[in-house]
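Below: one structure, written as C-alpha cells.
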Amino acid sequence: MVLLSPIPIRTEKILPINLPVVDLSTERSMLTKLIVKACEEYGFFNVINHGVPCETVAKMEEAAFDFFARPLPQKKQLPIYGCKNIGFNGDMGEIEYLLLNASPPSIAHFNNISNVPSNFSCSVSAYRDGVRELACEILELMAEGLGVPDRRFLSRLIRDVDSDSVLRFNHYPPTLNKNCKDKDMSPSHTHTNVGFGEHSDPQILTILRSNDVAGLQISLQDGVWNPVPPDPSAFCVNVGDLLQVMTNGRFVSVRHRAVTNSHKSRMSVAYFGGPPLDACIVAPSVMVTPQRPSLFKPFTWAEYKKVTYSMRLGERRIDLFRNCTQLHTQNYSS
C-alpha cells in the first residue's frame, strides 16, 4: 500500500445527489431526449444496459488491482505509473495511478513488461474496446438529440486511427487517521481527504467505472459539492470541455473531484475519449444561431491540450477560448 500524507477537505456545503439514469434499452427517440436533458442539466449521468460484458469489466479490475497491490519500487519502474503528484504544476492528491494511451499498440506494449500482470494487456484491451464503442454510441445519440444532420460528427473523432484517447486507472488507498478510532467515525465522516482535486475533463467525453466505494463528487453550484453514490452496475458518463465547445455551450463540462474513503480502497477507471491532435474543435452550424452566437473560438485539440498541461488542475482553461464578445455576457448554468 502507498502511504501518503493527508490533504484535508475544506469546509464546504455537501448536498447529496442522484444522477439521472439512462437505460440504453429505451426506445431511441426517448433515449436521445433523456441524454440531452441530462447533459444540459447535470453534465453527468449513469448509463445501464450498456452492453459492456460484466466479465470484461471484472477481468480488467482484477488485473489493475493486481498491479496496485505490488511493491512500490516495482511499480515505480513503470513509466506510466504515478503516485501523489498529479500533472506537472504542483497538484497533489492521495492517489496512485496508471496513465496510458488507449491505442491498441500502446496497450499491447505492456505484454513484455515483467512487473505488469500477465493478463493486463489482454484484459485492458478488451475493456478499452467495450468502452470506446459505448462512448461512440452515446455520442451518436447526443448528435441525434441535438438535431445535427451528421450523427457521427462526434463519434468519428474517437474512432479515428489517430484518436488521442486515454485510459487512466486511479487507486485511492484508505486514509483512516491512526489517532481516530473506528467508533468515532460517523457515516458522514467516512470521506476525509482529497484524492484528486477539483477539475473538469478536457477531452470530449469520459466513461467512468468505479468499484462499489463512494468518492466522486460533482459541483453543480460554486461552493457546493454533490456526492454521487456508486453504482457498480452502471458506467458514469460526463461531458468534457471539448463537448461543451462543440455544443456551443448547451452541454456543460461540470467540475468534479474524488475524495478518499477512511476505511476502503477505491479504484476508478476512466476512458477519456479524445480526438486527433490536429482536429479542429468548433460547433457545427446547426448549433449556432442569431439568438445563440458562437461562444468559443475555433482551436485544435493540440492547442487545448498544451494549455491543459501548462495550467493547474483547478484552473478554468475553457475560458481562455471564449469569444471576447461572449465572455462577460454568456449566462450558463451547471
Side-chain angles (χ1 to χ4, degrees), residues 20 29 31-45 135-136 138-158 160 163-164 198-206 218-224 237-256 272-311 314-334:
S29 62
L31 186 56
T32 59
K33 293 176 183 177
L34 291 173
I35 290 176
V36 168
K37 181 178 173 65
C39 291
E40 290 179 332
E41 295 183 359
Y42 292 86
F44 276 78
F45 60 91
C136 290
I138 291 171
L139 288 170
E140 289 174 10
L141 288 164
M142 288 176 176
E144 286 185 38
L146 291 167
V148 179
D150 179 7
R151 68 183 181 92
R152 295 186 175 86
F153 97 101
L154 293 167
S155 63
R156 70 163 53 93
L157 294 171
I158 292 179
D160 193 291
S163 163
D164 189 34
E198 176 182 352
H199 66 287
S200 64
D201 293 343
Q203 293 90 348
I204 299 173
L205 191 76
T206 303
I218 69 176
S219 181
L220 297 177
Q221 295 177 307
D222 285 343
V224 179
V237 180
N238 68 274
V239 172
D241 293 350
L242 299 190
L243 189 53
Q244 179 171 333
V245 173
M246 289 187 284
T247 59
N248 199 29
R250 275 191 63 177
F251 293 177
V252 182
S253 180
V254 171
R255 299 171 75 76
H256 53 285
F272 299 102
L277 290 171
D278 62 356
C280 182
I281 307 304
V282 64
S285 58
V286 71
M287 302 301 299
V288 181
T289 66
Q291 294 73 33
R292 193 181 187 88
S294 181
L295 302 178
F296 301 95
K297 309 168 188 175
F299 55 86
T300 65
W301 167 231
E303 291 171 329
Y304 197 75
K305 187 175 182 180
K306 182 178 180 180
V307 168
T308 296
Y309 283 117
S310 70
M311 299 175 72
E315 293 186 80
R316 297 180 184 270
R317 305 168 291 253
I318 198 169
D319 287 342
L320 298 178
F321 293 86
R322 288 186 179 274
N323 279 323
C324 294
T325 56
Q326 300 297 324
L327 185 59
H328 300 295
T329 60
Q330 167 67 357
N331 179 21
Y332 67 93
S333 63
S334 58

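Residues Val252 and Val239 are not in side-chain contact: their nearest non-hydrogen atoms beyond the backbone lie 4.5 Å or more apart. The side-chain heavy atoms of Phe44 and Val237, taken from C-beta on, include no pair separated by under 4.5 Å. Put simply, the side chain of Val254 does not reach to within 4.5 Å of the side chain of Ser200, judged on heavy atoms.
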Between side-chain atoms of residues 281-291 and protein atoms elsewhere (two or more places apart, or another chain), which donor-acceptor pairs fall under 3.5 Å?
residue: Thr289; atom: OG1; partner: Gln291; partner atom: N; Å: 3.4
residue: Thr289; atom: OG1; partner: Arg292; partner atom: N; Å: 2.9

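For Asp201, the side-chain hydrogen bond (donor to acceptor under 3.5 Å, both in side chains) partners two or more places apart in sequence, or in a different chain, are His199, Thr206, Asn238, His256. Applying the ring-ring contact (aromatic ring centres under 6.0 Å, His included) test to Phe153 and every residue at least two apart in sequence or in another chain returns nothing. Shown here are the ring-ring contact (aromatic ring centres under 6.0 Å, His included) partners of Phe299, two or more places apart in sequence or in another chain: Tyr304, Phe321. In this view, Pro276 and Leu157, Asp160, Asp162, Asp278, Ala279 satisfy the side-chain contact (heavy atoms from CB on, under 4.5 Å) rule, not counting sequence neighbours. Scanning for side-chain contact (heavy atoms from CB on, under 4.5 Å) contacts around Leu277 gives Asp164, Trp301, Ala302, Lys305, with sequence neighbours left out. For Asp150, the side-chain hydrogen bond (donor to acceptor under 3.5 Å, both in side chains) test picks out Arg156, with sequence neighbours left out. Every residue meeting the side-chain hydrogen bond (donor to acceptor under 3.5 Å, both in side chains) condition with Glu144, not counting sequence neighbours, appears here in chain and number order: Arg28. Lys37 pairs by the side-chain hydrogen bond (donor to acceptor under 3.5 Å, both in side chains) definition with Glu41, not counting sequence neighbours.
Annotation for Leu243 and Ile204: closest pair CB-O, 3.2 Å, computed over non-hydrogen atoms. Val36 approaches Arg250 most closely through the heavy-atom pair CG1-NH2, 3.7 Å. Here the closest heavy-atom approach between residue Ser253 and residue Asp241 is recorded as OG-OD1, 2.7 Å. Phe296 and Gly249 make their closest contact through CE1-N, 4.2 Å (heavy atoms, listed as atom of the first residue, atom of the second, distance).
The distance from the OG atom of Ser294 to the CG atom of Asn323 is 5.0 Å, given to the nearest 0.5 Å. Of the inter-residue distances, the one linking Glu198 atom CD with Arg316 atom CZ reads 6.5 Å to the nearest 0.5 angstrom. Going from atom OG of Ser155 over to atom CG of Leu205 covers 11.0 Å, rounded to the nearest 0.5 Å. To the nearest 0.5 Å, atoms CG (Leu141) and SG (Cys136) are separated by 11.5 Å. Rounded to the nearest 0.5 angstrom, Leu139 CG and Ile35 CD1 are separated by 9.5 Å. Note that CD of Glu140 and CG of Leu154 are 9.0 Å apart. Values are rounded to the nearest 0.5 Å.
Looking at Asp319 and Arg322, a side-chain N of the basic residue comes within less than 4.0 Å of a carboxylate O on the acidic one, giving a salt bridge.
Ser163 contributes no side-chain N or O that, together with a main-chain N or O of Pro275, makes up a donor-acceptor pair within less than 3.5 Å.
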